[in-house]
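One structure below.
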Amino acid sequence: MNQRELFLRYQAQTSPFPLALEIERAEGIYLYGKGEKRWMDLISGIAVSGLGHGHPAIVKAVQEQASRHLHTMVYGELIQSPQLALAEKLISLLPETLNNVFFVNSGSEAVEGAMKLAKRATGRRELVAFAKAYHGSTQGALSIGGSEEFKSAFRPLLPDVRQLDYGQLDQLQQISCRTAAVVAEVVQAEAGVVLPPPGYLSALRKRCSDVGALLIFDESQTGCGRSGRFLGLEHSGVIPDILVLAKALGGGLPLGAFIASRELMQELTHQPVLGHISTFGGHPLSCAAALAALEVLQVEGLMSHVPGAEAQFHRLLLHPAIRELRSFGLLMALELESSTLNQALIAHALERGVLSDWFLYADHCLRIAPPLIIGQDQIEQACEILLEALEASCKAERGLL
Ligand code: PLP
């Protein structure tokens, strides 16, 4: 059996149509297959590899930490220098009130922890979230997910979840003194990069404060420099009570975090004690990688490069079949007329060596979220290939190919 057959036989599948590219190694913005095969990674492993693949500083940090120690004890008991150094560094980059970090392994887990913290701290039960939001696949995170299609097969999920439409000011009144927390993205990623109307996030903040509900921002996709600032929330200046970071945080290793004020986080230490625990949360290798990644992000000035790169995509991606290019830094959605056209575009681009994708709740939108290190020439090349692939897809749709 070849690798593909083995993959399909022995590994659990998440869909009937996996990409199933055979990856030998990855470096910079490229994934390499066998022989001459190479793909430009335009999605960063879904908003993970912000610094590209195999950044030498991250590899070195991981190697050094591996030679010191791997896992030693469950999260929160021992003082482990990679965790401590990362927490200190992270806090130096965050708003003042977000000064206490709970490390976990993933975005879903961080969302779970944030929701539990909000319930514990407020003594309330209701969670408010948004249509077309994605916060993870565990049952709690799924419960606040914004798609009935993804939820219905897995009910019963969490009770007391209220769903609002993102961006609708008049619905904010539904957040009430029963609400423990509102979980929101500062830009909805899986909805196809949907930006809130101006003033919406501050109105949301105000409503939460008025009724004593906690505001949780899930910046799993928008955080860690992707928007051109370290946090997406810096564009609005709205500060949540709890912040979720994941994906790019670990520099390519699994890591998530929920972050709050020290006073708030203290709630998880009693009644019950050990109310939220994790064996591998804040794994030393992940924290060492994350610290190196944060340093690279700053030293290489990668965030200042984002607006120029974003503008270049906007300048180059022009075609009659493109309805709109929505972007929040280097988190971009290229909207087309249909999902079939998008699927054809993705396939044609892959044949030409560019890896892209669609969005969970917007399959007619092409996902473009390259590593932040992408250079001008590479953007030019990527856009040329995307436009060629789009033209080929349009022709095929019209029966001309
Ligand atoms: N939150 C957001 C906004 C996400 O986009 C995702 C994953 O795509 C998650 C949470 C879940 O993260 P993970 O897959 O690490 O559990």
Side-chain angles (χ1 to χ4, degrees), residues 12 14-15 19 43-50 102-118 127-147 150-151 154 157-158 161 163 166 181-196 201 215-227 231-233 240 242-259 276 278 280-283 286-287 289-290 293 326 328-333 356-363 365 367-369:
T14 57
S15 80
L19 279 169
I43 47 177
S44 306
I46 315 292
V48 171
S49 329
F102 197 125
F103 288 118
V104 290
N105 303 284
S106 67
S108 304
E109 270 186 69
V111 167
E112 298 287 344
M115 292 194 296
K116 279 174 71 182
L117 175 57
L127 294 162
V128 172
F130 295 91
K132 295 195 178 174
Y134 181 73
H135 298 291
S137 272
T138 52
Q139 294 199 57
L142 182 62
S143 303
I144 56 163
S147 159
F150 282 83
K151 292 199 279 195
F154 304 106
L157 294 170
L158 285 182
V161 173
Q163 187 172 290
Y166 192 72
V182 179
V183 187
E185 294 165 273
V186 295
V187 164
Q188 281 199 308
E190 293 306 317
V193 187
V194 172
L195 285 87
L201 294 177
L215 179 59
I216 300 172
F217 277 167
D218 177 357
E219 291 230 36
S220 297
Q221 290 213 38
T222 50
C224 301
R226 182 145 295 279
S227 75
L231 297 176
L233 64 84
I242 308 174
L243 172 69
V244 165
L245 290 177
K247 289 192 174 269
L249 177 65
L253 270 75
L255 186 65
F258 59 102
I259 304 161
H276 194 73
S278 163
F280 283 116
H283 192 282
S286 302
C287 289
R326 287 185 297 280
F328 187 51
L330 285 180
L331 178 60
M332 292 177 275
S356 53
D357 198 6
W358 42 284
F359 291 89
L360 210 49
Y361 308 133
D363 56 7
C365 295
R367 185 193 300 269
I368 305 177

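As the structure lists them, so they are numbered: ligands from 1, and atoms in each ligand from 1.
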May I ask you to check whether [X] has an N/O atom sitting below 3.5 Å from an N/O atom of ligand 1?
X      : value
Ile46  : no
Gln221 : yes
Ser108 : yes

Inset, instruction - Output, in order, the C-alpha distance, side-chain angles, deciding distance and verdict of side chain to side chain contact (heavy atoms under 4.5 Å, CB included) for His283 and Leu253. - result: CA-CA 9 Å; His283 192 282; Leu253 270 75; over 6 Å; no
Inset, instruction - Kindly compute the distance separating OG (Ser108) from CG (Asp218), expressed to the nearest 0.5 Å. - result: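 Those atoms lie 9.0 Å apart.
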In terms of residue, atom name and distance, what is the protein heavy atom nearest to [atom]?
atom                    : value
atom 15 (O) of ligand 1 : Gly107 N, 2.9 Å
atom 7 (C) of ligand 1  : Lys247 CE, 3.1 Å
atom 1 (N) of ligand 1  : Asp218 OD2, 2.6 Å

Legend entry - Mode of Glu185 contact toward ligand 1 - side chain, backbone, both, neither (heavy atoms, under 4.0 Å):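 It is the side chain that touches ligand 1; the backbone stays farther off.
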Inset, instruction - May I ask you to check whether Phe150 and Tyr361 place their ring centres under 6.0 Å from each other? - result: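 So the answer is yes for these two rings.
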Inset, instruction - Could you tell me which atoms of ligand 1, counted from 1 in the order shown, lie closer than 4.0 angstrom to a heavy atom of Ser106? - result: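 The atoms of ligand 1 under 4.0 Å from a heavy atom of Ser106 are 15 (O), 16 (O).
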Inset, instruction - Considering non-hydrogen atoms only, spot the tightest contact between Ser227 and Phe328 and give its length. - result: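 Where Ser227 meets Phe328 most closely, the heavy atoms are CB-CE2, 3.5 Å.
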Legend entry - Partner of Phe130 by side-chain contact (heavy atoms from CB on, under 4.5 Å), out of Gln163, His135, Gln188: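 For Phe130, the side-chain contact (heavy atoms from CB on, under 4.5 Å) test succeeds with only one of Gln163, His135, Gln188, which is Gln188.
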Inset, instruction - Answer whether the closest heavy-atom distance between the side chains of Ser147 and Glu190 falls below 4.5 Å. - result: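 Contact flag for Ser147/Glu190 side chains = no.
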